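Here the structure is laid out as structure tokens; the discussion comes afterwards.
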Amino acid sequence: MKTATRPSFGRKSLLATALGLFALAGLAGQPAAAEERAKVLFGAKKLPAATSSQSIGFYSKGCFAGGVAIPMDGPTWEVMRPSRNRRWGHPAMIAVIEKLSRDAAADGWPGLLIGDISQPRGGPMMTGHASHQIGLDADIWLTPMPSSPLSAAQRETKSATLMVDEKTHLVKDTLWTPAHTRLLKRAASYPEVERILVNPGIKKKLCDTVKGDRDWLRKIRPFWGHDYHFHMRIGCQPGSPNCKAQEATPPDDGCGKPLAWWFTEEPWRPNKNPDAPKARDLMTMANLPKECRAVLDAPGPASAEAATYHGGSVPVAAAMPEPEAPSLPATTANGAAGLPSSVNAFTATPEIGIPLPRPRPGN
């Protein structure tokens with residue numbers, strides 16, 4: 001077997017990496033007591049900001065307003081680890097999850113077990129993810145929903161199925177089924193979905209087995225962890241002028257040299273500095289977009305149920321009188337309004353948890 005070399009990521013990616021390291025170094029150099037950590041402030045918010053829906057900043061450095069919650073139970077889903085209160089997202093994200101649950105069920109998947117989406121107002125989390133900060137990320141278990149409803153205790157303690165051998169980094173063939181492939185293909189089929197992160201072994205399994213249409217494989221991206229769930233990410237939505245988009249995925253299926261690198265020793269070498277603080281542990285409000293302060297200070301809805309998505313053309317139930325819920329500034333570069341005030345996440349509508357990804361291995 002030939003030893004693959006690490007792919008060249010280009011000057012642009014190297015520059016981005018360098019800037020990221022510089023930013024982290026800058027965070028580390030700040031006095032510990034200069035300002036309360038952003039993760040503490042956002043983690044304390046139990047309800048979303050009752051304003052028009054918009055994502056602010058980047059997936060790993062931002063926040064969002066006008067968030068909605070997916071219901072704890074649906075005909076084709078259940079929320080896992082509910083005590084974390086991470087079932088919130090931009091209305092478009094929640095709508096995609098709900099649609100995936102229905103379409104996947106029609107494809108033969110018994111139902112979704114939904115992991116972390118975001119905190120009510122996004123921002124850095126106390127534990128776990130670096131991303132999931134702007135309401136456009138969601139984790140979906142690779143374990144199907146059981147036929148009998150899970151109890152509250154089971155949702156907090158049930159383990160997801162590990163799909164990948166941790167020594168070989170290959171999928172366990174006794175566990176992988178065509179239904180898993182159909183689920184990922186369905187998620188990748190939505191135009192809103194820009195990326196789906198999976199374990200490298202899962203990406204390889206797809207590369208080795210998918211026949212016919214392979215265009216959707218370009219959205220399936222290998223990354224550390226993600227061996228018992230997949231991470232679905234949608235793009236910046238209309239009405240979010242301060243949302244920073246990610247780079248587009250390459251046009252090919254991603255089954256060449258970039259994937260081969262994951263099956264060399266380099267990606268799995270022990271972290272040389274495993275005790276280094278994570279960016280989320282150092283961020284203060286000064287490190288986030290200035291609009292996130294308004295998100296943090298904005299009034300919330302009357303209750304979680306008042307901000308829960310129930311399908312239909314309008315996202316959620318009424319939260320509070322509109323005059324008491326001022327919108328955040330949301331103008332485009334030319335000064336035009338980014339989202340009409342009538343399109344609000346808390347307009348009335350009729351009625352009709354969760355594993356964390358394992359990081360790169362440490363010592």
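Note: hydrogens, waters and symmetry copies are ignored here, and every other heavy atom, side chains too, is used. Since the model is a prediction, treat every value here as computed from it, not as a measurement.
Under the 4.5 Å side-chain criterion, counting only non-hydrogen atoms from C-beta, Pro75 is not in contact with Arg102. Between Met163 and Asp227, every side-chain heavy-atom pair lies at or beyond the 4.5 Å cut-off. No side-chain heavy atom of Tyr228 sits less than 4.5 Å from a side-chain heavy atom of Asn199. Contact check for Trp268 versus Trp224: side-chain heavy atoms found under the 4.5 Å cut-off. Looking at Pro146 and Leu150, their side chains come closer than 4.5 Å, going by heavy atoms from C-beta outward. Counting heavy atoms from C-beta outward, His90 and Gln54 have side chains that stay 4.5 Å or more apart. Thr308 is not listed as a side-chain neighbour of Val68, based on a closest heavy-atom distance of 4.5 Å or more. Between Leu47 and Ser303, the closest side-chain pair of non-hydrogen atoms is not below 4.5 Å.
For the pair Asn85 and Pro120, the tightest heavy-atom approach, listed with the atom from each and the gap, is ND2-CG, 3.4 Å. For the residue pair Ile134 and Ile56, the shortest heavy atom distance occurs at CG2-O, 3.1 Å. Residues Pro200 and Pro222 come closest through the heavy atom pair CA-CB, 3.8 Å. What you find for Trp176 and Leu184 is that their closest heavy atoms are CH2-CD1, 3.9 Å. Considering every non-hydrogen atom in both Lys203 and Gly254, the closest pair reads CE-O, 3.4 Å. Considering every non-hydrogen atom in both Trp109 and Leu142, the closest pair reads CH2-O, 3.5 Å.
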| Given Lys244 and Lys61, is the side-chain contact (heavy atoms from CB on, under 4.5 Å) satisfied, shown in steps? | CA-CA 10 Å; Lys244 296 183 178 180; Lys61 191 177 181 181; over 6 Å; no
| request: Tell me, with the steps shown, if Leu136 and Tyr59 meet side-chain contact (heavy atoms from CB on, under 4.5 Å). | output: CA-CA 7 Å; Leu136 304 179; Tyr59 297 87; 3.7 Å; yes
| task | Apply side-chain contact (heavy atoms from CB on, under 4.5 Å) to the pair Leu206 and Trp216, showing each step before the final yes or no. | result | CA-CA 11 Å; Leu206 296 174; Trp216 60 277; 4.2 Å; yes
| query | What do the steps show when you test Glu156 against Ser83 for side-chain hydrogen bond (donor to acceptor under 3.5 Å, both in side chains), and what is the final call? | reply | CA-CA 7 Å; Glu156 297 291 350; Ser83 64; 2.9 Å; yes
| task | Evaluate side-chain contact (heavy atoms from CB on, under 4.5 Å) for Met285 paired with Leu288, printing each intermediate quantity in order. | result | CA-CA 5 Å; Met285 293 304 296; Leu288 297 178; 4.2 Å; yes
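Ser53 places a side-chain N or O within donor-acceptor distance of the main-chain N or O of Gly66, the cut-off being under 3.5 Å. With hydrogens and angles disregarded, a donor-acceptor distance shorter than 3.5 Å links the side chain of Thr209 to the backbone of Lys205. In this structure, the side chain of Arg218 does not engage the main chain of Asp252 through any donor-acceptor pair within 3.5 Å. Under the 3.5 Å distance criterion, the side-chain polar atoms of Asp215 are left unmatched by any main-chain donor or acceptor of Leu217. Counting only distance, with no hydrogens or angles, the side chain of Arg195 and the backbone of Met232 share no donor-acceptor pair below 3.5 Å. A side-chain donor-acceptor contact under 3.5 Å links Gln237 to the backbone of Gly235. Between the side chain of Arg155 and the backbone N or O of Met72, at least one donor-acceptor pair lies under 3.5 Å. Of the possible donor and acceptor atoms, none in the side chain of Ser240 sits under 3.5 Å from a partner among the backbone N and O of Asn242.
With rounding to the nearest 0.5 Å, the separation of CZ in Arg87 from CD1 in Ile70 is 9.0 Å. If you take CD1 on Ile140 and CZ on Phe230, they are separated by 5.0 Å, rounding to the nearest 0.5 Å. Leu197 contributes atom CG, which lies 6.5 Å from atom CZ of Arg233 (distance to the nearest 0.5 angstrom). Summarising the geometry, atom SG belonging to Cys63 is positioned 12.0 Å from atom CG belonging to Leu41; distances are rounded to the nearest 0.5 Å. Rounded to the nearest 0.5 angstrom, Asp213 CG and Lys211 NZ are separated by 13.5 Å. Ser159 contributes atom OG, which lies 7.0 Å from atom CH2 of Trp141 (distance to the nearest 0.5 angstrom).
Look at Lys39 and Asp281 and you find a salt bridge, because one of the NZ, NE, NH1 or NH2 atoms lies within 4.0 Å of a carboxylate O, short of that distance. Salt-bridge formation is detected for the pair Asp253/Arg214: a Lys NZ or Arg NE/NH1/NH2 atom is positioned less than 4.0 Å from an Asp or Glu carboxylate oxygen.
Summarising the local packing, NZ of Lys219 is surrounded by more than 12 heavy atoms from other residues, nucleotides or ligands at distances under 6.0 Å. Within a 6.0 Å radius of NZ in Lys172, other residues, nucleotides and ligands contribute more than 12 heavy atoms.
Using modelled atom types and a 3.5 Å distance limit, the side chains of Gln119 and Trp88 yield no donor-acceptor pair. Checking Thr161 against Thr143 by side-chain atom types alone, a donor-acceptor pair falls below 3.5 Å.
Linking ILVMFWY residues whenever their side-chain heavy atoms come closer than 4.5 Å, directly or via other members, leaves Val40 and Leu282 in distinct clusters. Residue Leu112 is grouped with residue Leu175 when hydrophobic side chains (ILVMFWY) are merged at heavy-atom distances under 4.5 angstrom, including chains of intermediate members.
Results of the side-chain hydrogen bond (donor to acceptor under 3.5 Å, both in side chains) test with Asp116 over His229, His129, His132 single out His129 as the only residue that passes.
Both the sub-6.0 Å distance and the 45° axial angle are not jointly satisfied by Arg121 relative to the ring of Phe64.
Ring pair His226/His231 is tilted by interplanar angle, where 30° to 60° counts as tilted.
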Under 3.5 Å, side-chain donor or acceptor atoms of residues 187-194 against the rest of the protein: list the pairs with distances, not counting sequence neighbours.
unit_1: Ser189; atom_1: OG; unit_2: Arg186; atom_2: O; d: 2.5
unit_1: Tyr190; atom_1: OH; unit_2: Asp103; atom_2: OD2; d: 2.7
unit_1: Glu194; atom_1: OE1; unit_2: Gln246; atom_2: NE2; d: 2.8

